[in-house]
Amino acid sequence: MMNETELEVKKIVCEAGKRLSTSGLVAGTWGNISCRVDDDTMVITPSGVNYDTASEADMVVVNLHNMEYQGQHKPSTEVGLHAKIYLTRKEVNAIIHTHSMNASTVAAARREVPPILDDMAQIVGPSIRVAEYALPGTKKITNNTVKALRGRNAVLMANHGALAVGRDIEEAFTTCLVLEKACKAFIEAEFMGGAKSINKFEAHIMHQYYLRKYSKKKR
Ligand SMILES: [Zn+2]
């Protein structure tokens with residue numbers, strides 16, 4: 001039987017899916033969202049279902065340890081990656097994976113984004129790393145992405161897209177937008193003669209300050 005919390009989280013993920021599809025960050029059913037239920041469980045968007053017409057019942061409850069799932073649809077193919085992040089990052093309660101335009105461009109160039117904007121440094125961290133390339137849906141891409149995400153709230157996946165995390169779904173959305181903006185600013189600043197970076201140590205301090213000042217408990 002499904003418990004109250006699972007139902008609540010399904011609703012949050014379903015609404016977030018609709019918001020993602022109108023945000024301009026994804027095309028069609030590309031991209032996926034999940035939220036943590038507890039230490040052992042998450043809810044993730046289903047594979048191949050249109051978010052605009054999806055209902056709460058279409059969202060998939062997944063066991064973080066063995067990927068067993070309940071629901072009428074298969075979970076997103078990137079389910080293993082989401083699960084590993086919840087298992088290794090206890091403070092993370094929401095994950096959004098997109099193939100947004102500017103993030104994809106930087107991911108294709110495989111360039112680490114230095115701390116070029118204050119909001120990026122605060123919310124994402126002192127840089128945006130690029131996870132080494134591996135085939136989507138494999139253990140290798142999961143491990144590469146988790147490694148590159150260390151100490152950050154967002155990461156680029158080489159030749160693929162981007163992933164953002166948050167302590168709740170609001171924060172994950174904000175991180176997604178700040179990441180996309182930072183990637184756009186990076187591309188354009190490089191064309192204007194080169195992006196100039198903030199001091200990396202100061203960027204690190206800004207991120208730590210943000211995490212403490214805006215500490216969140218809710219999902
Ligand atoms: Zn993807």
Side-chain angles (χ1 to χ4, degrees), residues 13 16-34 44-52 75-82 84-85 89 92 94-117 119-166 169 171-192 194-195 197 203:
V13 174
K18 294 181 194 307
R19 187 171 161 193
L20 184 65
S21 89
T22 56
S23 67
L25 293 168
V26 294
T29 62
W30 293 103
N32 39 68
I33 297 182
S34 69
I44 191 165
T45 45
S47 172
V49 174
N50 192 323
Y51 299 152
D52 297 324
S76 151
T77 48
E78 276 152 308
V79 62
L81 173 57
H82 288 247
K84 179 116 188 213
I85 294 170
R89 294 278 295 266
V92 170
I95 300 170
I96 304 178
H97 167 59
T98 73
H99 300 166
S100 59
M101 192 62 241
N102 294 289
S104 297
T105 302
V106 181
R110 300 189 184 176
R111 295 274 309 272
E112 179 170 356
V113 182
I116 49 166
L117 294 169
D119 59 1
M120 171 208 150
Q122 284 166 20
I123 294 163
V124 177
S127 75
I128 307 168
R129 298 191 195 99
V130 184
E132 241 177 87
Y133 185 82
L135 287 173
T138 58
K139 257 195 181 136
K140 199 154 186 230
I141 189 81
T142 292
N143 291 336
N144 294 352
T145 307
V146 168
K147 188 176 157 214
L149 183 64
R150 210 169 283 162
R152 311 283 188 271
N153 277 342
V155 65
L156 295 171
M157 297 158 74
N159 308 87
H160 185 113
L163 182 141
V165 304
I169 191 71
E171 190 174 51
F173 260 111
T174 304
T175 310
C176 248
L177 294 169
V178 170
L179 159 90
E180 179 63 5
K181 193 186 83 165
C183 288
K184 184 172 193 289
F186 182 54
I187 296 163
E188 292 172 10
E190 287 290 279
F191 275 105
M192 291 180 71
S197 177

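To the nearest 0.5 angstrom, Asp52 atom CG is 4.5 Å from Asn50 atom CG. The structure places CG of Leu117 at 10.0 Å from OG of Ser197, a figure rounded to the nearest 0.5 Å. Interatomic distance, OH of Tyr51 versus CD1 of Ile33, reported as 6.5 Å (0.5 Å rounding). Put simply, CZ on Phe186 and NZ on Lys181 are 15.5 Å apart, with the number rounded to the nearest 0.5 Å. Taken to the nearest 0.5 Å, the OG atom of Ser76 stands 4.5 Å off from the CD1 atom of Ile44. A distance of 11.5 Å separates CD1 of Ile95 from CD of Glu78, quoted to the nearest 0.5 Å.
No side-chain heavy atom of Ile96 sits under 4.5 Å from any side-chain heavy atom of Leu163. The closest side-chain heavy-atom distance from Leu177 to Thr174 is not below 4.5 Å. Between Thr77 and Val79 the shortest side-chain heavy-atom distance does not fall below 4.5 Å. Between Val106 and Ile187 there is a side-chain heavy-atom pair separated by less than 4.5 Å. The shortest distance between side-chain heavy atoms of Ile141 and Leu135 does not fall below 4.5 Å. Side-chain contact between Val113 and Leu179 is absent, with no heavy-atom pair separated by less than 4.5 Å. Looking only at side-chain heavy atoms (C-beta outward), Leu156 and Arg129 stay at 4.5 Å or farther from each other. Looking at Leu25 and Cys176, their side chains come closer than 4.5 Å, going by heavy atoms from C-beta outward.
Ser34 places no side-chain N or O within donor-acceptor distance of the main-chain N or O of His82, the cut-off being under 3.5 Å. Thr105 contributes a side-chain N or O that, together with a main-chain N or O of Met101, makes up a donor-acceptor pair within less than 3.5 Å. Using a distance-only test at 3.5 Å, with no hydrogens or angles considered, a donor-acceptor pair links the side chain of Glu190 to the main chain of Ala195. For the pair Glu180 (side chain) and Asn102 (backbone), a donor-acceptor distance under 3.5 Å is present. Not a single donor-acceptor pair under 3.5 Å links the side chain of Arg110 to the backbone N or O of Asn159.
Minimum heavy-atom separation, Ala154 to Ile128: O-CG2, 4.2 Å. For the pair Met120 and Pro114, the tightest heavy-atom approach, listed with the atom from each and the gap, is CE-O, 3.3 Å. The nearest pair of heavy atoms linking Thr45 to Val13 is CG2-CG1, 3.8 Å. Minimum heavy-atom separation, Ala203 to Pro115: CB-CB, 3.6 Å. Shown here for Ala103 and Ala162, the closest heavy-atom pair between the two residues is CB-CB, 3.7 Å.
For residues 140-163, the ring pair (Phe, Tyr, Trp, His ring centres under 6.0 Å) pairs, not counting sequence neighbours, are His97-His160, His99-His160.
In terms of the salt bridge (Lys or Arg N to Asp or Glu O under 4.0 Å) criterion, residue partners of Arg19 (sequence neighbours excluded) are, by chain and number, Glu170. With sequence neighbours excluded, no residue forms a side chain to side chain donor-acceptor pair (under 3.5 Å) with Asn144. Take Arg89 and apply the side chain to side chain donor-acceptor pair (under 3.5 Å) test, not counting sequence neighbours, and it matches Glu91, Asn153. Every residue was checked against the side chain to side chain donor-acceptor pair (under 3.5 Å) condition with Lys147, not counting sequence neighbours, and none meets it. Applying the side chain to side chain donor-acceptor pair (under 3.5 Å) rule to Thr175 yields no partners; only residues at least two apart in sequence or on another chain are considered.
Between Lys184 and Glu188 there is a salt bridge, with a side-chain nitrogen of the basic residue lying less than 4.0 Å from a carboxylate oxygen of the acidic one.
Counting heavy-atom neighbours within 6.0 Å of Lys18 NZ, excluding the residue itself, gives a total above 12.
Checking Lys84 against Asn143 by side-chain atom types alone, a donor-acceptor pair falls below 3.5 Å.
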